[in-house]
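Inspection log for the structure reproduced underneath, given as structure tokens.
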Amino acid sequence: MTGRSQGLSTRCVHAGEIDDAHGSPHTPIYTSTTFRFASTADIVEVVQGRKSAALYTRYGLNPTIRSLEEKLAQLEGAEAALAFCSGMAAESALFLTHGRKGIVCLGDAYGGTLELVAAQLPELGMRTALLLGSESDRLEAELRKGAGLVFFETPTNPGLEIFDIRAIADLAHRHGALVAVDNTFASPANQQPLALGADLVVHSATKYLGGHNDLLCGVVLGSAEQVAPIRAAVGVLGGVPDAHSAYLLLRGLKTLALRMERHNANGMRVARFLEAHPRIRRVWYPGLASHPDHAIAARTLAGFGGVVTFEVDTDLEGCMRFIDACRIPYIAPSLGGVESLIEMPVLMSFWDVEPKARQAMGITDSLVRLSCGVEDADDLIADFEQALRKV
Ligand SMILES: Cc1ncc(COP(=O)(O)O)c(C=O)c1O
């Protein structure tokens, strides 16, 4: 099947699925860690790379994992995809492979990424720089120093800042650097960074790609040339997914396009409702004209996603009362699943950041991050209406 020319929903359902001997409509779960050969001559062909076949699961040479990678590649419009057991495993392998000349991490990034880039990798002797979005003008200076990889999320977390992928890619390429985009918050349904000039894409597939809060996976995508060294590294670093998670992700992906339509619609409805509510101080949602990066978002995103960040007009305790009064969203970290999830960044991802530094990052005591699931928007809005009365 030549999925690339088909629509996204068709690719979600059919791309990459492999036939088994019994006509199963989905790729079976191959739990085997190793695969047998008819002769030594046969296995030598595979080991020496002249023929591709299932061989050993840690190398990703397992039919369920390969099927997943083919589907992911077709959804993101990439030549090659490499699946991992978590988003962080994907990022680690990417940085260890393509970050050796130096990494610039731009904008707010997920806490685990910041820990990796700011602390763990420098301890291994790697040169890294963290620049806030407002410090983007320093990117060129970092590139002049020889950084070989620019990495950023867009939209970012939790401020939903939007970067101009094409402009950053043009600048990085002029200096011979690669650009990797964490596309977790957008998903390939809303944003295609490779088509906008990025060299590599990373996802925490735990979020929208899986979509059901029931699996942990990651993926790196890009050209065959850029993905090959990462594949060689992961064979020994060992961060591959197991076949059960790969299967769950394959299944979740079948409804990605459908789910994203609802996440986008719910995000927009809820953001508009909150923006008009007298107990809400401010809403960050790239689909709102009030968002500082709305103009870029309107150009780069096909939909604005399900994550809405907002500040309640109250103090820490009042905000906790609001969260506790919500009946539909679960109080939980993470995002991108069918269930709405709600959290206060100040109490979760940023609890150990010193208050002054937290304020400087815009993480106030009444900031809320909501991941709209696929419930009915009217029910979500009615729930927030009653919960805001408890502030
Ligand atoms: C934007 C982003 N990237 C990467 C990660 C790490 O992914 P995982 O939890 O699958 O390791 C997360 C996790 O929350 C994330 O939000």
Side-chain angles (χ1 to χ4, degrees), residues 107-108 133-134 153-162 185-186 190 207 262-298 301 303-337 339-351 353 355 358-391:
D108 286 332
S134 55
E153 293 173 21
T154 181
T156 65
N157 176 26
L160 305 174
E161 207 174 354
I162 309 293
F185 270 54
N190 283 344
K207 310 297 189 304
R262 178 60 71 90
H263 286 298
N264 291 339
N266 282 359
M268 189 58 112
R269 284 272 317 273
V270 168
R272 284 195 177 128
F273 160 78
L274 291 170
E275 191 171 49
H277 199 284
R279 296 307 310 250
I280 300 298
R281 224 176 259 152
R282 188 169 170 194
V283 179
W284 288 261
Y285 186 70
L288 293 178
S290 58
H291 190 284
D293 299 327
H294 177 66
I296 308 174
L301 292 169
F304 303 107
V307 178
V308 183
T309 301
F310 56 97
E311 202 174 16
V312 185
D313 191 12
T314 181
D315 55 11
L316 183 79
E317 286 73 27
C319 193
M320 288 165 77
R321 275 197 299 281
F322 159 69
I323 300 267
D324 291 344
C326 291
R327 294 179 190 137
I328 295 177
Y330 296 131
I331 303 170
S334 205
L335 63 114
E339 300 91 1
S340 290
L341 303 180
I342 196 162
E343 64 148 319
M344 289 171 65
V346 71
L347 300 180
M348 297 175 90
S349 349
F350 295 85
W351 67 272
V353 178
R358 221 161 45 206
Q359 290 287 337
M361 294 161 93
I363 309 299
T364 61
D365 285 355
S366 61
L367 194 72
V368 176
R369 190 187 79 183
L370 165 72
S371 169
C372 294
V374 299
E375 300 94 341
D376 291 289
D378 287 342
D379 292 337
L380 289 172
I381 287 170
D383 193 25
F384 297 133
E385 184 83 71
Q386 67 78 26
L388 281 167
R389 283 198 289 270
K390 311 275 168 41
V391 169

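Fair warning: this is a prediction, and the values are worked out from it, not measured in the lab.
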Could you check if a side-chain atom of [X] sits within less than 4.5 angstrom of a side-chain atom of [Y], using non-hydrogen atoms only?
X    : Y    : value
L367 : V346 : no
F322 : L388 : yes
L316 : M320 : yes
F310 : L370 : yes
F304 : N190 : no

Under a 3.5 Å cutoff, is there a donor and acceptor pairing between the side chains of [X] and [Y]?
X    : Y    : answer
Q359 : T364 : no
E375 : S340 : yes
D108 : N157 : no

If you take all heavy atoms of [X] and [Y], which pair is closest and at what distance?
X    : Y    : answer
E275 : S290 : OE2-OG, 2.6 Å
Q386 : R327 : OE1-NH2, 3.7 Å
N264 : G305 : OD1-N, 2.8 Å
C319 : V312 : SG-CG2, 4.1 Å

Would you say the side-chain atoms of [X] pair up with the backbone N or O of [Y], donor to acceptor, closer than 3.5 Å?
X    : Y    : value
D383 : I328 : yes
R282 : E311 : no
H291 : L160 : yes
H294 : P286 : yes
T156 : G107 : no

Counterpart residues, ring-ring contact (aromatic ring centres under 6.0 Å, His included), relative to H277 (two or more places apart)
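ring-ring contact (aromatic ring centres under 6.0 Å, His included) check on H277 returns F273.
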For S366, the option from D315, I280, T314 that meets side chain to side chain contact (heavy atoms under 4.5 Å, CB included):
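The option that passes is T314.
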Rounded to the nearest 0.5 Å, what's the gap from [atom1] on [X] to [atom2] on [Y]? Could you check?
X    : Y    : atom1 : atom2 : result
C372 : N266 : SG    : CG    : 5.5 Å
I296 : L301 : CD1   : CG    : 10.0 Å
D324 : I342 : CG    : CD1   : 10.0 Å
H263 : S371 : NE2   : OG    : 6.5 Å
W284 : R369 : CH2   : CZ    : 14.0 Å
D365 : E317 : CG    : CD    : 8.0 Å

Please evaluate residues V283 and V308 with respect to the criterion side chain to side chain contact (heavy atoms under 4.5 Å, CB included), reporting the C-alpha separation (whole Å), side-chain torsions for both, the decisive distance (0.1 Å), and the verdict.
CA-CA 7 Å; V283 179; V308 183; 3.8 Å; yes
Please assess T309 against Y285 for the test side chain to side chain contact (heavy atoms under 4.5 Å, CB included), listing each intermediate value before the final yes or no.
CA-CA 7 Å; T309 301; Y285 186 70; over 6 Å; no
For side chain to side chain contact (heavy atoms under 4.5 Å, CB included), just list the numbers for M344 and I323, CA-CA rounded to whole Å, side-chain angles, deciding distance to a tenth of an Å, and then say yes or no.
CA-CA 8 Å; M344 289 171 65; I323 300 267; 3.8 Å; yes
Set out, in order, the CA-CA distance, both residues' side-chain angles and the distance that settles salt bridge (Lys or Arg N to Asp or Glu O under 4.0 Å) for R269 and D378, then state yes or no.
CA-CA 9 Å; R269 284 272 317 273; D378 287 342; 2.7 Å; yes
Under 4.0 Å between a Lys/Arg side-chain N and an Asp/Glu carboxylate O for D313 and R279?
no
Tell me whether the count of non-hydrogen atoms from other residues, nucleotides or ligands lying under 6.0 Å of OH in Y330 goes above 12.
no
Using a cut-off of 6.0 Å, state whether more than 12 heavy atoms not belonging to R272 lie near its atom CZ.
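Result for CZ/R272: open.
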Test side chain to side chain donor-acceptor pair (under 3.5 Å) on E161 and T154 and set out the steps.
CA-CA 7 Å; E161 207 174 354; T154 181; over 6 Å; no
Please step through side chain to side chain contact (heavy atoms under 4.5 Å, CB included) for the pair R389 and E385, ending with a clear verdict.
CA-CA 7 Å; R389 283 198 289 270; E385 184 83 71; 3.7 Å; yes
